[in-house]
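Worksheet: the structure to be examined is printed underneath.
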Amino acid sequence: MSISVLILTLNEELNLPDCLDAVSWSDDIVVLDSGSTDRTVEIAKAAGARVYHRVQDNEHAQRTYGLRQIEFRHPWVYMPDADEITPPDLRDEMLAIAADPGRPEVMFRVRFKNIFMGRWIRHSSLYPTWVVRLVRPEKISFERQINLQCVADGLEGRLQSHFYHYSFNKGLNAWYEKHNRYSWFEAQESLKSLRRGGLKLADIFSGRAELRRRALKELSFRLPFRPALRFLYMYFIRGGFLDGGAGYLYCRLLTAYEYMIVVKMMEIRRREQGLRV
């Protein structure tokens, strides 16, 4: 039994060929495009993918649409981003799961190796970070508008293989543009978290990496000097300095992203009070 593939795209002509080539083993590749003006759709169709179109309002709505409104040929759906490469060992591990109808899990998390400036950024990228990539569409839902949290109606598992993430392949201008958009949603989510309370400090010491990561993120919303603290945490505590010059640059970029979030939180608060920015 094979696996269906769902890829969300917006102007991904640089990344999509390699992504599609790495999943060419699937006989059901779906590209959900949100208005590309480059050759993304042409490339997808040339590779034999089914192409759907929807204007993206946020990632939550887009992924929910993709998994709920598109009919797939297979029960399992693999969801790589366009800048991710799926190696053969990960392919084989997923196909073995799909071939076993007795598996109790409804979704699987995967680790990835983040590549920047030609090297694996192992320490600065908070490795291992476990993200959901293989799912039974009818058994999952999402929380948050950006950097989604996937909720399973059933058991979840973990795959042993990795995928490769080339998040800077479109260049630093594209990275800044993307994170400029993301920072607005993160600012909104940060304020929601602060207002509802409910920080679970015990999760910081959880044996599950995703719970620790979520709790640390929630804690960071409540700390002063967030950008500076993030750099210190990433570069010194998590060992970003071990990633060489690329690690230093990566940590500085994450600090800039954190600063954008903090400033936009200030903007939202001022606008809520009827004040000018």
Side-chain angles (χ1 to χ4, degrees), residues 2-67 69-73 77-88 90-91 94 110 112-121 125 131-135 142 145-148 162-185 246 249-250 253-254 256-257 260:
S2 189
I3 295 171
S4 295
V5 176
L6 174 64
I7 307 170
L8 273 54
T9 59
L10 175 61
N11 294 331
E12 292 288 355
E13 67 177 6
L14 289 177
N15 290 318
L16 192 57
D18 289 338
C19 179
L20 289 171
D21 183 64
V23 295
S24 60
W25 42 266
S26 172
D27 63 354
D28 186 34
I29 301 174
V30 175
V31 169
L32 176 56
D33 189 72
S34 54
S36 293
T37 56
D38 62 4
R39 297 179 56 250
T40 294
V41 172
E42 176 186 342
I43 291 169
K45 290 181 177 179
R50 292 189 285 142
V51 178
Y52 292 79
H53 302 273
R54 182 183 185 274
V55 176
Q56 179 167 326
D57 36 13
N58 58 67
E59 187 182 3
H60 180 287
Q62 196 76 349
R63 289 203 178 275
T64 300
Y65 176 89
L67 291 178
Q69 302 302 318
I70 296 175
E71 185 175 348
F72 297 98
R73 295 174 185 167
V77 177
Y78 175 51
M79 306 184 298
D81 288 343
D83 57 2
E84 297 174 2
I85 303 298
T86 308
L90 178 56
R91 173 202 63 199
M94 292 190 296
V110 191
F112 59 92
K113 296 182 178 181
N114 204 12
I115 310 299
F116 178 54
M117 296 293 181
R119 67 177 293 168
W120 174 23
I121 307 298
S125 62
V131 295
V132 176
R133 285 296 179 269
L134 184 64
V135 302
F142 300 107
Q145 293 186 54
I146 206 73
N147 292 328
L148 302 184
H162 299 75
F163 64 83
Y164 296 97
H165 189 200
Y166 292 88
S167 57
F168 293 88
N169 197 46
K170 293 165 68 174
L172 288 172
N173 278 341
W175 187 91
Y176 272 108
E177 290 170 2
K178 174 183 176 180
H179 285 75
N180 183 39
R181 296 193 308 271
Y182 277 25
S183 61
W184 179 254
F185 292 110
L249 291 175
Y250 187 83
L253 287 168
L254 293 182
Y257 177 49
M260 284 192 282

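All values derive from a computational prediction rather than experimental measurement. Below, all heavy atoms of this structure are taken into account, side chains as well, without hydrogens, waters or symmetry copies.
Expressed to the nearest 0.5 Å, how far CD1 of I3 lies from CD1 of I29 amounts to 12.0 Å. To the nearest 0.5 Å, the span separating NZ on K170 from CD on E13 amounts to 9.0 Å. Within the model, atoms CG of N58 and OH of Y182 stand 10.5 Å from one another, a figure rounded to the nearest 0.5 Å. Atom CD of residue E42 and atom CG of residue L16 lie 11.5 Å apart, to the nearest 0.5 angstrom. Separating the CE atom in M260 from the CZ atom in R181 is a distance of 11.0 Å, to the nearest 0.5 Å. The CD1 atom of I121 sits 13.0 Å away from the NZ atom of K113 when rounded to the nearest 0.5 Å.
Annotation: side chain of S34 is not in contact with side chain of V55 (no heavy-atom distance under 4.5 Å). In this structure the side chain of H179 never reaches within 4.5 angstrom of the side chain of L253, judged on heavy atoms. In this structure, I43 and V31 have side chains that are not in contact, with every pair of non-hydrogen atoms separated by 4.5 Å or more. Residues I115 and W120 form a side-chain contact, since some pair of their non-hydrogen atoms from C-beta on lies under 4.5 Å apart. When side chains are defined from C-beta on, L32 counts as touching L6, because their heavy atoms get closer than 4.5 Å. Side chains of R50 and D28 form a contact here, defined as non-hydrogen atoms less than 4.5 Å apart. Side-chain contact between F142 and L67 is present, with heavy atoms from C-beta onward closer than 4.5 Å. For the pair Q56 and D33, the minimum side-chain heavy-atom distance is 4.5 Å or more.
Remark: the Y166 side chain and the D18 side chain contain no N/O donor-acceptor pair separated by less than 3.5 Å. Side-chain atoms of N15 and N169 form a donor-acceptor pair, as typed in the model, at a separation below 3.5 Å.
Between W175 and F168, the ring-plane angle classifies as parallel under the 30° and 60° cut-offs.
Between D57 and F185, the shortest heavy-atom distance links the atoms O-CZ, 3.8 Å. A61 and R54 make their closest contact through CB-NH2, 3.8 Å (heavy atoms, listed as atom of the first residue, atom of the second, distance). Across L90 and Y78, no two heavy atoms sit closer than the pair CD2-OH, 3.8 Å. A pairwise comparison of heavy atoms in T40 and E12 identifies OG1-N, 2.6 Å as the closest pair. Shown here for M94 and T86, the closest heavy-atom pair between the two residues is CE-CG2, 4.2 Å. The minimum heavy-atom distance linking I85 with C19 is given by the pair CD1-N, 3.9 Å.
Remark: side-chain polar atoms of S24 are paired, donor with acceptor, to backbone N or O of D21 under 3.5 angstrom. For R119 (side chain) and A246 (main-chain N/O), no donor-acceptor pair under 3.5 Å exists by modelled atom type.
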Determine whether H165 and D83 satisfy the following criterion, side-chain contact (heavy atoms from CB on, under 4.5 Å), listing intermediate values before the conclusion.
CA-CA 6 Å; H165 189 200; D83 57 2; 3.2 Å; yes
After noting the C-alpha distance and the side-chain angles of D81 and R133, does the key distance pass the side-chain contact (heavy atoms from CB on, under 4.5 Å) rule?
CA-CA 9 Å; D81 288 343; R133 285 296 179 269; 3.7 Å; yes
Can you check side-chain contact (heavy atoms from CB on, under 4.5 Å) on L14 and D38, steps first, answer last?
CA-CA 10 Å; L14 289 177; D38 62 4; over 6 Å; no
Decide side-chain contact (heavy atoms from CB on, under 4.5 Å) for F116 and S167; before the verdict, give the C-alpha distance in whole Å, the side-chain angles of both, and the deciding distance to 0.1 Å.
CA-CA 8 Å; F116 178 54; S167 57; over 6 Å; no
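Summarising the local packing, NZ of K178 is surrounded by more than 12 heavy atoms from other residues, nucleotides or ligands at distances under 6.0 Å.
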